[in-house]
Amino acid sequence: MTENHCPRLPAGRHLGVDADPLLLGLAEGAVTGTDIRLLARDLTASGWADEIGPASWDAAVSSTAPSGNPTA
């Protein structure tokens with residue numbers, strides 16, 4: 001998904017974040033030869049965003065991130 005959005009923000013920093021090693025492995029194969037960085041982070045953990053960089057982003061895209069609904 002990240003690689004599809006890169007052309008829309010060509011001057012942006014592109015980062016893929018996931019906690020699942022399998023999904024990160026699949027992503028690694030898809031983004032080889034690009035400037036996309038991949039990081040293993042638990043999106044349910046407090047402070048995960050502080051670990052990855054600037055406090056402001058131009059865009060965020062999610063396909064499977066937690067919704068914030070504790071009953072989901």
Donor-acceptor list for residues 23-31 side chains, cut-off 3.5 Å, not counting sequence neighbours:
none

*With sequence neighbours left out, what residues match D20 under side-chain hydrogen bond (donor to acceptor under 3.5 Å, both in side chains)?*
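Listed in chain order: nothing, the list is empty.
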*Looking at residues at least two apart in the chain, or sitting in another chain, which of them share a salt bridge (Lys or Arg N to Asp or Glu O under 4.0 Å) with R41?*
E51
